[in-house]
Undergrad: 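Quick one: the structure is below, and I'll ask about it shortly.
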Amino acid sequence: MNPVHETLADAAQSALFTDIAADIRQQGYSVQRDAVPVRLSSGLLYRLANMDTDEFQRAGTGRLQDHQLNAFVRRDRIHWLTNDNPHEQSWLTFAYNLQQFLNRELFLGLFSYECHFAHYRPGDFYKKHQDAFKGQANRILTTVLYLNPDWQTRHHGELVMYHGHGEQPELTRVLPRFGTLVVFLSEEFPHEVLAAERDRYSIAGWYRLNSSHYLRSDPPA
Ligand code: OGA
Ligand code: MN
């Protein structure tokens, strides 16, 4: 990139990070359309297009190993991102930059980030769940980046966020449009993924606290 473009890209990124931090502070969540640089999101799309189906595994829920029970809760297939692939690495770097920014702005003490691609086939879903529970949580902040070009309302597949744990919570619905990024406090927002008419791709990720102590290193050494 030439220096002018680079400066513009940096400015766009700090504007985005500033918006996310303000939203998290005010309401605990943020929904950003066209959030990430197209170079990054299209690289991730390219990566997805060149992956074999056997590089995706059936997703589990916590320590639950019962596949039938799991299939009742969630149907997506996942692939964890690593630094071994350059496109995956670009996303991990972006997430790391956001981590540093949020730690500076909000003193969240985010320590690490883990994330996976998720593929929901038509009709697949993930029932209402929480990514973390008060008291035992080391997942602090959830991110979801959507990678579905030309997604229309009629394709459904919304992320539905429940505001709080009450009987009739307010809902926020997000279409999984290409480049939309959702960030929310993991303990505060139960959420679900509705079935879609099309294949639906995303990267779901979590920032964690460092919960190491003298008996247990986390993540395991
Ligand atoms: C998850 C999740 C949301 C989405 O993987 O825990 O809630 O919209 N994903 O893909
Ligand atoms: Mn979730």
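Positions are given from 1, in the same order as the sequence printed here. Both ligands and their constituent atoms are indexed starting at 1 by order of listing. These values consider heavy atoms only, across backbone and side chains, with no hydrogens, waters or symmetry-generated copies.
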Undergrad: Does any donor atom in the side chain of Glu88 or Ser90 lie under 3.5 Å from an acceptor atom in the other side chain?
TA: no
Undergrad: Which residue holds the protein heavy atom closest to atom 3 (C) of ligand 1, what is that atom called, and what is the gap in Å?
TA: Val193 CG2, 3.5 Å
Undergrad: Run the numbers for me: atoms of ligand 1, each under 4.0 Å from some heavy atom of Asp131, listed by number.
TA: 6 (O)
Undergrad: Mind checking whether Trp206 has an N or O less than 3.5 Å away from an N or O of ligand 1?
TA: no
Undergrad: So that I can tick it off, tell me whether Arg139 and Glu187 are bridged by a salt bridge, with the cut-off set at under 4.0 angstrom between side-chain N and carboxylate O.
TA: no
Undergrad: Classify the ring geometry between Phe117 and Phe56 as parallel (under 30°), tilted (30 to 60°) or perpendicular (over 60°).
TA: tilted
Undergrad: Among the N, O or S atoms of His129, which one sits nearest to the Mn ion (ligand 2)?
TA: NE2
Undergrad: Considering only heavy atoms, which of His191, Lys128, Glu192 lies nearest to atom 7 (O) of ligand 1?
TA: His191
Undergrad: Return yes or no for this condition: an N or O of His116 is under 3.5 Å from an N or O of ligand 1.
TA: no
Undergrad: Measure the spacing between OH of Tyr146 and CZ of Phe178 and express it to the nearest 0.5 Å.
TA: 14.5 Å
Undergrad: Of all the atoms in ligand 1, which lie at a distance below 4.0 Å from a heavy atom belonging to Tyr146?
TA: 4 (C), 8 (O)
Undergrad: Between the side chains of Tyr162 and Glu192, is a donor N or O closer than 3.5 angstrom to an acceptor N or O?
TA: yes
Undergrad: Applying a strict 4.0 Å limit to heavy atoms, is Ser202 in contact with ligand 1?
TA: yes
Undergrad: Do the side chains of Trp206 and Thr142 get nearer than 4.5 Å, heavy atoms only?
TA: yes
Undergrad: Kindly confirm or rule out an N or O of His129 lying under 3.5 angstrom from an N or O of ligand 1.
TA: yes
Undergrad: Under a 3.5 Å threshold, yes or no: a donor from one side chain and an acceptor from the other, between Tyr113 and Trp91?
TA: yes
Undergrad: Closer than 4.0 Å to some heavy atom of Leu159 - which atoms of ligand 1 meet that?
TA: 3 (C), 8 (O)
Undergrad: Can you list the ligand 1 atoms lying under 4.0 Å from a non-hydrogen atom of Arg200?
TA: 4 (C), 8 (O), 10 (O)
Undergrad: When rounded to the nearest 0.5 angstrom, what is the spacing between OG in Ser41 and OH in Tyr46?
TA: 15.5 Å
Undergrad: Under 4.0 Å between a Lys/Arg side-chain N and an Asp/Glu carboxylate O for Glu55 and Arg47?
TA: yes
Undergrad: What is the OD1(Asp131)-the Mn ion (ligand 2)-NE2(His191) angle, to the nearest 10 degrees?
TA: 100°
Undergrad: Looking only at distances, please establish whether an N/O atom of ligand 1 is found under 3.5 Å from an N/O atom of Asp76.
TA: no
Undergrad: So, are Glu197 and Arg154 salt-bridged, with charged N and O less than 4.0 Å apart?
TA: no
Undergrad: Which protein heavy atom lies closest to atom 5 (O) of ligand 1, and at what distance to 0.1 Å?
TA: Ala204 CB, 3.6 Å
Undergrad: Give me the nearest non-hydrogen protein atom to atom 1 (C) of ligand 1 as residue plus atom name, then the distance to 0.1 Å.
TA: Tyr126 CE1, 3.7 Å
